[in-house]
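Heads up, the thing below is written out as structure tokens.
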There are 2 protein chains.
Amino acid sequence: MNSPRKATRIQREKREVILTAALEAFSEDGLRGATLEKIAEKAGMSKPHVVYYFGSKDAIYTDLLQSLLEVWVQPLRDLSEDADPLAAILTYMRRKLRMSQDMPRESKMFATEILHGAPRMRPQLSGDLKVLVDEKAALIARWSAEGKIAKIDPHHLIFSIWAMTQHYADFDIQVEAVLGDARKANLYDEADAFLTEFFVRALRP
Amino acid sequence: MNSPRKATRIQREKREVILTAALEAFSEDGLRGATLEKIAEKAGMSKPHVVYYFGSKDAIYTDLLQSLLEVWVQPLRDLSEDADPLAAILTYMRRKLRMSQDMPRESKMFATEILHGAPRMRPQLSGDLKVLVDEKAALIARWSAEGKIAKIDPHHLIFSIWAMTQHYADFDIQVEAVLGDARKANLYDEADAFLTEFFVRALRP
DNA sequence: ACAATTTTTGACCATTTGGACAGAAAAATA
DNA sequence: TATTTTTCTGTCCAAATGGTCAAAAATTGT
């Protein structure tokens, strides 16, 4: 089941195809709702073949979650000293918003996992993620103390950016239902304009 | 299976017990993840007994969702003309935040449902809910036009209130993991202070 | 007290589903 | 080409699970 030395090209490709199919399935129906059969079908192969590559449904799920996590926190990693702190925070917010727009399935998968207690991510949340957030919060707190941005709790500021940007991906059905079809086309432009103005007002010293 | 005239006291009580148990189960594991057996166990009765009262697992879920929806949108219903528009919006935000604090299971159940496409709520979202939101958005737009609050897109303002308040209930595991145990005790006080300041800055003309 | 009705459950069933297994097909290696 | 290894699937199985059913227990009405 496991490749001993290095993964062959075909192995890498197949695993990729399966992960893509699984992401679609999991984000639609969650871990329990998604079936191996559906994943196999989306991936264009037989059910045992999927098991052959990953061992179990759980393994696919966990694997996917882990590999996506790095991508997911990258924008926060990149938040750093800048000529203009306010612009830096706005850039971070915009990158998160863009991720909601471009990767709604990933966003939904994380949301579902955390919503249900994050049984497979808890250690990482209070480990790596906490360290990262604390570090960036300290940076923001410094900006705040130096009067470069408004005095504000940096942890909650980060939560608010997560909440507002991911909302557009996770609850897209609701957002679109409430706004109506007419405003659906340039929804993310609207969101960008709104959030930019919103955070500028909140953060300007 | 169905009571013909009026529900007896015992019927009302049993249904209530089942709904409470089901809310706990569904918010933990979702519709598919929650089992009739678990619901029955939490409710302190046998599995067929649960079916006797509701007919099916699906029926419990749908019933629950419908009855909770009214409670859920009540704070928005109550948003109305006020001596101080800014205060009115802040009150709305605070009531939503309090609901996250007091009813996290309800919040999670809605979140899961919408996240997975809201198959049983779609009509209500683009129907009743849209009407309600449009109405309140018009009110906010008027305040905005009269210069009583800042110029801001009212729909997105409402989304931002939903997003930021519900975030504390839906993603509590993540929030608590990142903040650490020390700040867990008065988390909602912190959130209240942060959000109040935040929205005041954003909305002040 | 007795009959009728409602409530409650144990036993059972059909379906779904994760995944094991043996072996076929294909590819790599010699 | 022959052999070894890897890839792939049809078939099957056991566990989980939503729901049925007949009958027991409890309650209600007279």
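Order of the sequence lines fixes the chain letters, A, B, ..., with proteins taken first and strands second; residue numbering starts at 1 for each chain.
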- request: Kindly assign one of parallel, tilted or perpendicular to the pair A/Phe159 and B/Tyr168, based on the angle between their ring planes and the thresholds 30° and 60°.
  value: perpendicular
- line: Of the listed D/dT11, C/dG19, D/dG18, the closest approach to the A/Lys57 side chain comes from C/dG19
message: Less than 4.0 angstrom between a side-chain N/O of B/Tyr52 and OP1 or OP2 of C/dT6, yes or no?
response: no
- line: Contacts of A/Ser46 and A/Arg32 projected onto DNA chain D by closest heavy atom; the upstream (5') one is A/Ser46
- prompt: CZ of A/Arg12 versus P of D/dT6: gap in Å, rounded?
  reply: 16 Å
- request: Give me the ring orientation class for A/Phe199 and B/Phe198: parallel if the planes are under 30° apart, tilted from 30 to 60°, perpendicular past 60°.
  value: perpendicular
field: Whole-Å distance separating the CG atom of A/Asp58 from the P atom of C/dT17
entry: 16 Å
Option from A/Lys57, A/Lys38, A/Lys108 for which salt bridge (Lys or Arg N to Asp or Glu O under 4.0 Å) with A/Asp29 holds: A/Lys38
- request: Take the protein atom CD of B/Glu13 and the nucleotide atom P of C/dT6, then report the distance between them rounded to whole Å.
  value: 18 Å
message: Any base atoms under 4.0 Å from B/Ala40, or only sugar-phosphate, or nothing? Heavy atoms, all strands.
response: nothing
message: Assuming nearest nucleotide by heavy-atom distance, tell me which of B/His49 and A/Pro48 is located more 5' along DNA chain C.
response: B/His49
query: Whole Å only: how far is the NZ atom of A/Lys38 from the C1' atom of C/dG18?
result: 16 Å
- prompt: Just wondering, do A/Leu203 and A/Trp143 contact through their side chains at under 4.5 Å, heavy atoms?
  reply: no
message: Among D/dT20, D/dT17, D/dT9, which nucleotide has an atom closest to any side-chain atom of B/Val51?
response: D/dT20
query: Distance check: side-chain N/O of A/Lys14 vs OP1/OP2 of D/dC8, anything under 4.0 Å?
result: yes
- prompt: Hey, is the side chain of B/Gln11 poking within less than 4.0 Å of OP1 or OP2 on C/dT6, counting only N and O atoms?
  reply: no
field: Integer-rounded Å distance: C/dA20 P and A/Glu37 CD
entry: 16 Å
- prompt: Nearest-Å distance, CG (B/Leu31) to C1' (D/dG18)?
  reply: 12 Å
query: When only distance counts, do a donor and an acceptor, one from the side chain of A/Lys47 and one from the base of C/dG18, lie under 3.5 Å apart?
result: yes
- request: Examine A/Phe110 together with A/Phe26 and report whether their ring centres are nearer than 6.0 Å.
  value: no
message: Considering every strand and a 4.0 Å limit on heavy-atom distances, what is the contact class for A/Thr35: base, sugar-phosphate, or nothing?
response: sugar-phosphate
task: Measure from CE on B/Met45 to C1' on D/dA24 and round the result to the nearest Å.
output: 18 Å
task: Report which part of the nucleic acid B/Ala59 touches: base, sugar-phosphate, or nothing (heavy-atom distance under 4.0 Å, all strands).
output: nothing
- request: Please report, rounded to the nearest Å, how far the P atom of D/dG18 is from the CD1 atom of B/Ile39.
  value: 8 Å
